[in-house]
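Notes follow once the structure below has been shown.
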2 protein chains.
Amino acid sequence: MSDNPDPRQNHLLDALPPAERERLLPHLELVAMPLGQAVSESGMHMRHVYFPTTCIISLLYVMEDGSSAEIAVVGNEGIVGVSLFMGGETTTSRAVVQSAGHAYRLKGQLLKDAFLRAGPMQRLLLRYTQALLTQMSQTAVCNRHHRLDQQLCRWLLLSLDRLPSNDLTMTQELIANMLGVRREGVTEAAGDLQRAGLIRYNRGKITVLDRAGLEARVCECYQVVKTEFDRLLPAQHIL
Amino acid sequence: MSDNPDPRQNHLLDALPPAERERLLPHLELVAMPLGQAVSESGMHMRHVYFPTTCIISLLYVMEDGSSAEIAVVGNEGIVGVSLFMGGETTTSRAVVQSAGHAYRLKGQLLKDAFLRAGPMQRLLLRYTQALLTQMSQTAVCNRHHRLDQQLCRWLLLSLDRLPSNDLTMTQELIANMLGVRREGVTEAAGDLQRAGLIRYNRGKITVLDRAGLEARVCECYQVVKTEFDRLLPAQHIL
DNA sequence: TCTGGTCTGTACGCTACTGTACAAAGGCCA
DNA sequence: TGGCCTTTGTACAGTAGCGTACAGACCAGA
């Protein structure tokens, strides 16, 4: 995959049959996604859907008291805005850029039209939505049963899978917001990982040094989600 | 709604236009759903989908070590088996009867056919699936941030909304499995609710005495889920 | 009427967090 | 170079829930 922007860096767009992709191509607009930008707000109609290529979007729920929790994460394997084709138009969650980069956006109505053509696009979007369901389920399970250090490993691995390099730009404060825990808890867990030689970090830059080491520490949740994504959205789609 | 079994006790079936419902009616089979029965297993293909009328089904994830956590709950407002029309065929979760009663079942292929006709049935099922997404999200949030006693209130209210009476047949042990906590924790939280006069229970029978009292104690999660279900699946569907 | 099983209550030390407070270190800009 | 802000580290008491243990209450069946 080249560094030049290309819609096919997004796996959903890449998996479309050429004819379908050609139809969308003129309407896809490359946009920069700066860290922290809110792509959609809870309960608000979305004008566009987003196909990330090099950015990562977090879906998070913000509580009345302001605390938050990440529900799921969307990178170049997916799309932000499933509620448009699911029929609800809005969601209770908020979508924010967790890792800066780019995405292609498409007018909501055009996506709905494509969905309603009931072809490969529809099948693809529904399978992706099921994968998203699994990710949300597993977030619920992980929040219930697993320790912070394991959740941090899961979070790092899920992010890593959606980025081209081993570097994340991400302060501990932001990670804490995503996981819905105290910043100090992240400091401690990340310190352990650093002392174990699995990661290195420095003022908002995290480098994963030993991916296998993270996989050895992570809870089963990570593998469940990854396996399900691979099953539902294989590299070569048979639509 | 009469006590006689009627497919229209299930809100999804009730919301279909008459023509569509007539088409499905001959294929709907009323089945008894005894407490504890597994409707579907993680990773296994489902022969049928289920439209509960008087039973409640829990979707739960069972971990490698045997502990479990409820992801979502399905009653007469929904359907068990969304993975069939979403295209994945299987799920990572398990579906078990949490409250005995009845359901109508339908051969999986017939549901897929109905879905692919791309009419009201498809729109309805997709809106329901979005509501399910919200419920799962909120389970994740609640597991992260709220105390056991609030989660118990949420669980009781969600169950109550799916049953015709104020009585649940449910031991504390089972509730603990659903919530993914210790049985003793449920004993304590339920004891508090009983002392406050909100519920009465006795060896597997729980009676809700003061629903408003529960609503006063519950966290915001319950209301978020309920509002979203009402929004996506109103009593009179405009399809 | 006795017995065994299921369900509920209570207690105790332990762990993983929380809330709070403050200090130190790194980077940016005047 | 100095000063400020952001980011990270550490500490400490408080709390919710865990693992474990055990006892009492209730029910069904012999």
Side-chain angles (χ1 to χ4, degrees), chain A residues 35-36 63 65-69 98 140-156 167-196 198-207 217-219, chain B residues 35-36 63 65-70 98 140-156 167-196 198-207 217-219 221:
Chain A
L35 179 63
M63 301 207 305
D65 70 358
S67 56
S68 59
Q98 176 211 101
V141 171
C142 204
N143 283 353
R144 163 85 334 185
H145 288 290
H146 297 136
R147 286 193 318 275
L148 172 48
D149 59 320
Q150 295 191 296
Q151 294 188 39
L152 178 60
C153 289
R154 171 177 64 90
W155 191 89
L156 288 171
D167 298 310
L168 318 183
T169 300
M170 174 67 44
T171 64
Q172 299 181 354
E173 176 84 40
L174 284 176
I175 297 179
N177 288 155
M178 300 295 168
L179 295 180
V181 297
R182 279 184 325 150
R183 193 270 309 161
E184 290 85 342
V186 175
T187 299
E188 204 163 333
D192 287 347
L193 295 181
Q194 174 151 257
R195 280 185 287 280
L198 305 183
I199 64 172
R200 184 164 23 117
Y201 63 85
N202 184 274
R203 296 183 71 73
K205 301 275 176 196
I206 303 180
T207 304
R217 288 202 176 208
V218 75
C219 50
Chain B
L35 179 64
M63 300 207 306
D65 70 359
S67 56
S68 59
E70 189 178 80
Q98 175 209 100
V141 171
C142 204
N143 283 352
R144 163 86 328 180
H145 287 290
H146 297 136
R147 288 193 317 277
L148 172 49
D149 58 319
Q150 295 190 296
Q151 295 188 38
L152 178 59
C153 289
R154 172 177 63 89
W155 191 90
L156 287 171
D167 298 308
L168 317 184
T169 301
M170 176 64 48
T171 64
Q172 298 181 353
E173 176 83 44
L174 284 176
I175 297 178
N177 288 155
M178 300 296 169
L179 296 180
V181 298
R182 281 183 322 151
R183 193 269 311 162
E184 290 85 342
V186 174
T187 299
E188 206 165 334
D192 287 348
L193 294 181
Q194 173 150 262
R195 280 185 286 279
L198 305 183
I199 64 172
R200 186 166 20 118
Y201 63 82
N202 183 273
R203 294 182 72 73
K205 300 280 176 192
I206 304 180
T207 304
R217 290 204 174 203
V218 76
C219 51
C221 298

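Everything quoted here is computed from the prediction, not taken from an experiment. Residue numbers begin at 1 in each chain, while the letters A, B, ... track the order of the sequences.
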Rounded to the Å, how far apart are B:Glu184 CD and C:dA11 C1'? 11 Å
Main chain of A:Asn143, side chain of B:Asn143: is a donor-acceptor contact present, judged purely on distance under 3.5 Å? no
Residues in side chain to side chain contact (heavy atoms under 4.5 Å, CB included) with A:Ser67, at least two apart? A:Met63, A:Asp65, B:His145
Within the 4.5 Å heavy-atom criterion, are A:Leu193 and A:Leu156 side-chain neighbours or not? yes
Which pairs pass side-chain hydrogen bond (donor to acceptor under 3.5 Å, both in side chains) with one or both residues in residues 177-187 of chain A, sequence neighbours excluded? A:Gln172-A:Thr187, A:Arg183-A:Thr187
Distance from A:Ile206 atom CD1 to A:Leu152 atom CG, nearest 0.5 Å? 7.5 Å
Distances for protein N or O near nucleotides 4-8 of chain C N or O, under 3.5 Å:
from  : atom 1 : to       : atom 2 : distance (Å)
C:dT6 : O2     : B:Arg203 : NH1    : 3.3
C:dT6 : O2     : B:Arg203 : NH2    : 2.8
C:dT8 : OP1    : B:Arg203 : N      : 3.3
C:dT8 : OP1    : B:Gly204 : N      : 3.0
C:dT8 : OP2    : B:Gln172 : N      : 2.9

Who passes salt bridge (charged side-chain N to carboxylate O under 4.0 Å, His left out) against A:Asp167, sequence neighbours left out? none
For atom NE2 of A:His145 and atom C1' of D:dG19, their distance in whole Å: 15 Å
Grab the CG-C1' distance between B:Leu193 and C:dG9 for me, whole Å please. 16 Å
So for B:Glu188 and C:dA11, does any side-chain atom that can act as donor or acceptor lie under 3.5 Å from a complementary atom in the base? no
Tell me, please, which residues at least two apart from A:Glu188 pass side chain to side chain contact (heavy atoms under 4.5 Å, CB included). none
Kindly compute the distance separating CG (B:Leu179) from CH2 (B:Trp155), expressed to the nearest 0.5 Å. 7.0 Å
Table of protein N/O atoms under 3.5 Å from nucleotides 14-18 of chain D N/O atoms:
from   : atom 1 : to       : atom 2 : distance (Å)
D:dG17 : OP1    : B:Leu148 : N      : 2.5
D:dC18 : OP2    : B:Arg182 : N      : 3.4

Expressed as a whole number of angstroms, how long is the span from B:Gln194:CD to C:dG9:C1'? 12 Å
